[in-house]
Amino acid sequence: MLELRGIRSGYGDVTILKDVDLTVEAEIFAVLGANGAGKSTLMRTIARLLAVEAGDLRFRGEDVTAVAPNRLAEMGISLVPQEANIFPNLTVRENLSLGTMFGTRSSRSRIDEVFDLFPDIAARADQKAGSLSGGESQMVAFGRALAQEPRLMLLDEPTTGLSPKYVNLLLEKVRQIHDSHGVAILLAEQNAVKALEVASRVLVLSLGKVYLDSPVSETDLEAIQGGYHI
Ligand SMILES: Nc1ncnc2c1ncn2[C@@H]1O[C@H](COP(=O)(O)OP(=O)(O)OP(=O)(O)O)[C@@H](O)[C@H]1O
Ligand SMILES: [Mg+2]
């Protein structure tokens with residue numbers, strides 16, 4: 001599905017990601033690591049919002065190292081950024097319709113599908129997204145990304161700041177999106193325990209480098225936590 005080889009990227013003169021290799025199949029793939037480890041930088045690099053300084057990025061066998069972000073969205077990669085992931089002055093429905101610019105099925109059927117998955121926001125379809133709770137606005141951000149008919153969703157810490165009830169609900173939806181829509185998921189998380197409950201593979205970033213990359217079944221929390229102490 002997605003393949004990164006020797007990826008280096010960062011901001012201006014500052015290199016953050018160093019020689020990152022990663023292969024995502026049709027699975028839920030967790031990206032863990034301490035604050036500042038480079039998880040969001042990785043997400044932005046894959047979404048082509050940051051220039052690739054070195055290395056190759058392939059999506060479904062195609063070299064996408066230099067394609068424009070909107071072309072990547074059209075090809076099937078959707079990003080839910082960590083911050084500022086909704087348009088607060090637009091309604092819930094308007095936010096979702098922004099996700100239906102590309103794709104084949106009607107905008108309406110895709111928005112209905114999002115409302116089926118997230119009944120909480122269906123009841124607030126005409127409310128300004130800026131007036132929603134944290135959990136509800138995260139559902140809108142998810143919903144917009146899902147309305148793009150993605151083959152791969154990049155979720156950047158979707159559960160941060162949410163109550164335990166919403167954390168569980170959102171991760172259950174992640175699993176559902178993967179299982180019923182066949183969407184591959186790259187999930188950056190602070191909450192390692194929760195991420196490992198849904199993911200089949202895990203990668204730990206430490207200071208911009210891959211510290212560990214393993215099937216979840218072949219590693220444990222202790223090994224993962226090693227990546228937080230260097
Ligand atoms: N716009 C930017 N300009 C310069 N440096 C940046 C920028 N954004 C992030 N960085 C730096 O890049 C490094 C990695 O940050 P990044 O946001 O990718 O970490 P993260 O793993 O997502 O952390 P968190 O868990 O806190 O979200 C940090 O040292 C950060 O200060
Ligand atoms: Mg981040």
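First listed ligand is number 1; within each ligand, the first listed atom is number 1. Position 1 is the first residue of the sequence; numbering continues from there.
One finds no salt bridge joining K39 and D156 here, because no Lys/Arg side-chain nitrogen approaches an Asp/Glu carboxylate oxygen to under 4.0 Å. The pair R110-E113 does not count as a salt bridge, with every side-chain nitrogen at least 4.0 angstrom from each carboxylate oxygen. Under a 4.0 Å N-O distance rule, the pair K194/E189 does not qualify as a salt bridge.
Proximity of A34 to ligand 1, defined as any heavy-atom pair under 4.0 Å, is confined to the backbone N, CA, C and O atoms.
Under a cut-off of 6.0 angstrom, the local environment of NZ in K173 is crowded, with over 12 non-hydrogen atoms contributed by other residues, nucleotides or ligands.
When distances to the Mg ion (ligand 2) are checked against a cut-off of 2.8 Å, Q82 contributes an N, O or S atom below that limit. Taking 2.8 Å as the threshold, S40 counts as a candidate ligand of the Mg ion (ligand 2), since one of its N, O or S atoms lies below it.
Proximity of a side-chain donor or acceptor of R48 to a complementary backbone N or O of V67 within less than 3.5 Å is detected.
Each of the atoms 19 (O), 21 (O) of ligand 1 lies under 4.0 Å from some heavy atom of A37. Those atoms of ligand 1 with a heavy atom of N35 less than 4.0 angstrom away are 23 (O), 24 (P), 25 (O), 26 (O). Listed by number with element, the atoms of ligand 1 under 4.0 Å from a non-hydrogen atom of T41 are 14 (C), 15 (O), 16 (P), 18 (O). Listed by number with element, the atoms of ligand 1 under 4.0 angstrom from any heavy atom of Q82 are 27 (O). Residue Q190 approaches ligand 1 through these ligand atoms, each under 4.0 Å from one of its heavy atoms: 25 (O).
Counting only non-hydrogen atoms, the option in R44, E189, E157 that gets closest to atom 24 (P) of ligand 1 is E157.
For atom 17 (O) of ligand 1, the closest non-hydrogen atom of the protein is S40 CB, 3.6 Å. Shortest contact from atom 2 (C) of ligand 1 to any protein heavy atom: Y11 CD2, 3.4 Å.
Residue I16 has no N or O atom closer than 3.5 Å to an N or O atom of ligand 1. Inclusion of G36 in the set of residues having an N or O under 3.5 Å from an N or O of ligand 1 is warranted.
Between I111 and S97, the closest side-chain pair of non-hydrogen atoms falls below 4.5 Å. When side chains are defined from C-beta on, L205 does not count as touching T41, because their heavy atoms never get closer than 4.5 Å.
Protein non-hydrogen atoms do reach within 4.0 Å of atom 14 (C) of ligand 1.
To the nearest 0.5 Å, atom OG1 of residue T100 and atom CD of residue Q148 are 9.5 Å apart.
Cluster annotation: L152 is connected to V20 through the hydrophobic network of ILVMFWY side chains, with a link wherever side-chain heavy atoms come within less than 4.5 Å.
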